[in-house]
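Order of the sequence lines sets the chain letters (A, B, ...), proteins ahead of strands, with each chain counted from 1. Just so it is clear, the model here is predicted, and its values are computed rather than measured.
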Protein chains: 2
Amino acid sequence: MGQLLVKQKIRARAPAPTPKELLPLGQIIPGDCIEAMRTIPDASVDMVFADPPYNLQLGGDLSRPDGSHVDAVTNDWDKFSSFAVYDQFTRDWLTEARRVLKPEGSLWVIGSYHNIFRLGAIMQDMGFWILNDIVWRKANPMPNFKGTRFTNAHETLIWASMGEKSKYTFNYRAMKTLNDELQMRSDWVLPICNGAERLKKGGRKVHPTQKPEALLYRVMLATTNEGDVVLDPFFGTGTTGAVAKRLGREWIGCEREGDYREAALERIEMALPLDERALKTMQSKRTAPKVAFGTLIETGWIAPGTVLSDKKNRFRAVVRADGSLAADKVTGSIHGLGKELQGAPSCNGWTFWHLEHEGQVKPIDAIRQLYILATEP
Amino acid sequence: MGQLLVKQKIRARAPAPTPKELLPLGQIIPGDCIEAMRTIPDASVDMVFADPPYNLQLGGDLSRPDGSHVDAVTNDWDKFSSFAVYDQFTRDWLTEARRVLKPEGSLWVIGSYHNIFRLGAIMQDMGFWILNDIVWRKANPMPNFKGTRFTNAHETLIWASMGEKSKYTFNYRAMKTLNDELQMRSDWVLPICNGAERLKKGGRKVHPTQKPEALLYRVMLATTNEGDVVLDPFFGTGTTGAVAKRLGREWIGCEREGDYREAALERIEMALPLDERALKTMQSKRTAPKVAFGTLIETGWIAPGTVLSDKKNRFRAVVRADGSLAADKVTGSIHGLGKELQGAPSCNGWTFWHLEHEGQVKPIDAIRQLYILATEP
DNA sequence: TATCCAATTGAATCGCACT
DNA sequence: TAGTGCGATTCAATTGGAT
């Protein structure tokens, strides 16, 4: 309420806003996104959400350990000849985005380490004021098949206002409610887009990088109001449009590829306005914190070199730096070594292995419980 | 053992490495980090870990590697100049870091949304090749008291090699062990630095942004080997040094502030190195001593004439005296024949081929493991 | 009908040493 | 330096067929 009043006051002093009738609401403008955005009036849009090409620079083919082939992003639209070319492209579309945004609008971009640092730096150079960087922690990412790096399990979003002193919309209360009455954090755990939500045609995915609706849902619920105009310059198969419709926001898309436009329009046509049941599935599940044995080593709760033993003191093992255990001649994880030594079909290392703690012999699970208690919010 | 031999072979072809006696190991070089790094020889360091200042309103005490002075602009209204000064400072210290790093060394930086995008973009521009961006997801972050944004609950690290084709160290197996036998992901949940670990003097924290040892523990265990030299140009109160000492790595620090240097030295003095047994980690098969299939034939672990088959019993092959396999019409190595028969791009014969052993069907790799265990010193 | 198992798949900068 | 051969390497979710 108070927020609305403030907005009206400011608008009264600013130039008259563009009437919505002059905007291509609910339409996908075909062609290059920069050209397409030029058709939109200055200061007429409340939010821009952009999922630009990542400039992945992939090498040769990649196969899984089972020999199957990984379907990579090889589309032409993700090919740039150099960082300089990518940067110029980025500055060009960001310039148009800045022009069409209202002074109190905000900008979201999403990317991976291939492009997000360039995006963020250019945004700052252009005067955008970063409000948060958000980490989308994928619940089910693709593994690193060759064991050469850490599993690339997240993507990064940047949320920015038009400038340091600019106002912006943040629905704090809605976010806190969505997060079981805890402040919404800058890391969001959400599954990747698959199952029924993933658009397919003839058994093949229509778009290689379709984003999950849950991601856009949270973005829009947090930083726009009902009736706001959301522009997506890289519309793809229209996740932004579908979520905007469900949440009662207006949308405009730009998209070069006819196939994507067609799939998007059909999809948005079918999108249902929000019902409460759907909302519930969007809410973040408070997953019980999983604690690996290695975490207790890293955080100093159990020191490498500590000697563990089973309850009857038949077996002993030394904790090593990486969280593995070393017995006389065998090594392994807390579970694997326990199983091995006992010759049992399986073993829960958390209850099998004990150590002396405060004068008492306790299972290592007790240390894990203490750790969880100490670090829980 | 085998690994050491390989390393020496490579070094023999490269220019002679800097003898460790010429490096200021276990020392904190006082003064400006760029000046301090200049005292370190070219290509002498295995890893640089840097936690540079975040504040973009810098004081006027920055200098370039050539000694010229950087004229800092600190006015609020001139963010663009402020970014330019920060970028120049970043390029300057990264230039020195790049010079002292070995060709197969790697660079870690940590930052927040204020500076990480600039850091990452400049690293890419300088030729560093990003291997991962890592999200440190704070288990207990400070809430956003005003409720104006999302709770800032993470920081970002970037891990990079010297270039696209450069080799680098990644202890895949140790990370997988540390994470309960699942690949280590790019999002790390770790508590912030508090409690006994947080250095305090007169009830006040000594350093405003002391990093948790657990973070450095994982970084170093993952991407350095025992005895490697780690340089931290923004040493602060010495978390990098303390963890390096614990993990049997050498360290060099640079730090301007005398108070931090004093606190760091005292702290590292008290840190206990791990003993040899605890320091060991699980080896990946890639670095483990190699056992050829032929060795198992020669030593009688597998007899010539033994019939191998794949798990589903679709293919069968006979072991020949020289360690090759013979199928119906084709012959080849354990890998080549498996690849051939399946029509796959590649095949690991060790896991593909099975035989009956003690009443169970096991991959031939299991026999190799038994051999390694039995012949280990 | 419920359950289980096998197969498929997702924004991926994915090997190394020798000739 | 490009080519070749050895051999190391995957997690969670979904889908569809078999039990």
Side-chain angles (χ1 to χ4, degrees), chain A residues 51-75 77-80 83 110-116 136 138-156 191-198 200 203-205 207-212 236, chain B residues 6 9-10 13 124 128-133 160-161 163-165 167-168 170 172-173 176 179-186 283-288 290-294 311-312 323 332-339 345-353 364-365 368:
Chain A
D51 180 11
Y54 287 9
N55 189 20
L56 285 184
Q57 307 175 69
L58 301 179
D61 277 359
L62 180 65
S63 48
R64 298 184 170 81
D66 66 4
S68 66
H69 181 254
V70 175
D71 186 16
V73 178
T74 51
N75 308 61
W77 50 251
D78 196 44
K79 294 204 186 338
F80 296 84
F83 280 136
I110 180 168
S112 65
Y113 67 84
H114 309 84
N115 69 326
I116 197 68
W136 168 27
K138 299 182 185 182
N140 46 347
M142 187 169 6
N144 181 296
F145 296 117
K146 303 293 188 195
T148 55
R149 305 178 178 190
F150 298 99
T151 306
N152 203 356
H154 74 276
E155 294 188 24
T156 302
I192 59 176
C193 180
N194 60 8
E197 192 189 326
R198 186 94 197 193
K200 295 201 175 152
R204 298 163 55 94
K205 55 189 177 191
H207 194 285
T209 70
Q210 186 183 338
K211 296 292 176 287
Chain B
V6 171
K9 244 195 231 170
I10 287 164
R13 274 184 273 153
Q124 289 180 313
F128 286 106
W129 193 249
I130 298 181
L131 298 166
N132 279 115
D133 61 334
S161 67
E164 181 174 0
K165 308 288 181 194
K167 287 190 171 58
Y168 56 90
F170 181 55
Y172 175 75
R173 202 64 197 74
K176 193 168 173 177
N179 196 36
D180 282 357
E181 291 305 311
L182 286 180
Q183 284 191 339
M184 187 69 81
R185 300 167 37 117
S186 58
Q283 287 186 97
S284 75
K285 284 182 184 164
R286 204 176 289 148
T287 58
K290 277 185 186 140
V291 175
F293 184 63
K311 207 172 183 180
K312 295 177 198 160
S333 70
I334 53 171
H335 312 295
L337 188 64
K339 174 181 141 178
S346 70
C347 168
N348 181 350
W350 289 107
T351 51
F352 178 73
W353 293 107
I364 54 178
D365 192 47
R368 178 165 65 161

**Asked** Between atom CZ in A:R198 and atom C1' in D:dA12, what is the gap in whole Å?
**Response** 15 Å
**Request:** Determine whether A:W136 and A:I192 make a side-chain contact, defined as any pair of heavy atoms from C-beta on separated by less than 4.5 Å.
**Result:** yes
**Request:** Indicate yes or no for a side-chain donor-acceptor contact from B:S161 to the backbone of B:K167 under 3.5 Å, with no hydrogens or angles considered.
**Result:** no
**Message:** Taking any heavy-atom pair under 4.0 Å as a contact, classify B:N132: base, sugar-phosphate, or nothing.
**Reply:** nothing
**Request:** Could you check B:L131 against A:K205 and say which one's nearest nucleotide on DNA chain C is further toward the 5' end?
**Result:** A:K205
Could you pull out the protein-nucleic contacts involving nucleotides 5-10 of chain D (nitrogen or oxygen on both sides, under 3.5 Å)?
{"unit_1": "D:dG7", "atom_1": "OP2", "unit_2": "B:H335", "atom_2": "NE2", "d": "3.0"}
{"unit_1": "D:dG7", "atom_1": "O5'", "unit_2": "B:H335", "atom_2": "NE2", "d": "3.4"}
{"unit_1": "D:dA8", "atom_1": "OP2", "unit_2": "B:R368", "atom_2": "NH2", "d": "2.8"}
{"unit_1": "D:dA8", "atom_1": "N6", "unit_2": "B:S346", "atom_2": "OG", "d": "3.4"}
{"unit_1": "D:dT9", "atom_1": "O3'", "unit_2": "B:Y172", "atom_2": "OH", "d": "3.2"}
{"unit_1": "D:dT9", "atom_1": "O2", "unit_2": "A:F145", "atom_2": "O", "d": "3.3"}
{"unit_1": "D:dT10", "atom_1": "OP1", "unit_2": "B:Y172", "atom_2": "OH", "d": "2.5"}
{"unit_1": "D:dT10", "atom_1": "OP1", "unit_2": "B:K176", "atom_2": "NZ", "d": "2.6"}

**Request:** Check whether any side-chain N or O of A:K146 sits under 3.5 Å from a backbone N or O of A:N144 as a donor-acceptor pair, and report yes or no.
**Result:** no
**Message:** Just the rounded figure in Å: distance from P of C:dC14 to OH of B:Y168.
**Reply:** 8 Å
**Request:** Would you tell me whether B:S333 and B:H335 have side-chain atoms, one donor and one acceptor, within less than 3.5 Å of each other?
**Result:** no
**Asked** Rounded to whole angstroms, how far apart are CG on A:N152 and P on C:dT13?
**Response** 5 Å
**Asked** Once you round it to whole Å, what is the distance between C1' of C:dA12 and CD1 of B:I130?
**Response** 14 Å
**Asked** Since syn is defined as within 90° of 0, does C:dT13 count as syn or as anti?
**Response** syn
**Prompt:** Paired with C:dA11 by Watson-Crick or G-U wobble geometry, both distances under 3.5 Å: which nucleotide is it?
**Reply:** none
**Request:** Describe the nucleic acid contact of A:P52 in one word from base, sugar-phosphate, nothing, applying a heavy-atom distance below 4.0 Å.
**Result:** base
**Message:** What is the distance, to the nearest angstrom, from the CD1 atom on A:I192 to the C1' atom on C:dT9?
**Reply:** 8 Å
**Asked** Could you give the CG-to-P distance, from A:D71 to C:dC14, as a whole number of Å?
**Response** 16 Å
**Request:** Taking only Lys NZ, Arg NE, NH1 and NH2, and the carboxylate oxygens of Asp or Glu, determine whether A:K205 and A:D71 approach each other closer than 4.0 Å.
**Result:** yes
**Complete:** When rounded to whole Å, the NZ to C1' distance for the pair B:K165 and C:dA17 reads 16 Å
**Message:** Without decimals, in angstroms, what is the distance between A:H207 NE2 and C:dG10 C1'?
**Reply:** 14 Å
**Prompt:** Does D:dT9 pair with anything, Watson-Crick or G-U wobble, both distances under 3.5 Å, and if so, with which nucleotide?
**Reply:** none
Could you go over nucleotides 13-16 of chain D and give all protein N or O partners under 3.5 Å, atom names and distances?
none

**Complete:** Across every strand shown, the nucleotide meeting Watson-Crick or G-U wobble geometry with D:dG3 (both distances under 3.5 Å) is C:dC18
**Message:** Using a heavy-atom cut-off of 4.0 Å across all strands, would you classify A:T209 as base, sugar-phosphate, or nothing?
**Reply:** base
**Any-strand Watson-Crick or G-U partner of D:dT15, both distances under 3.5 Å** = C:dA6
**Message:** What's the gap between D:dG5 and C:dA12 when it is taken at their P atoms, as a whole Å value?
**Reply:** 31 Å
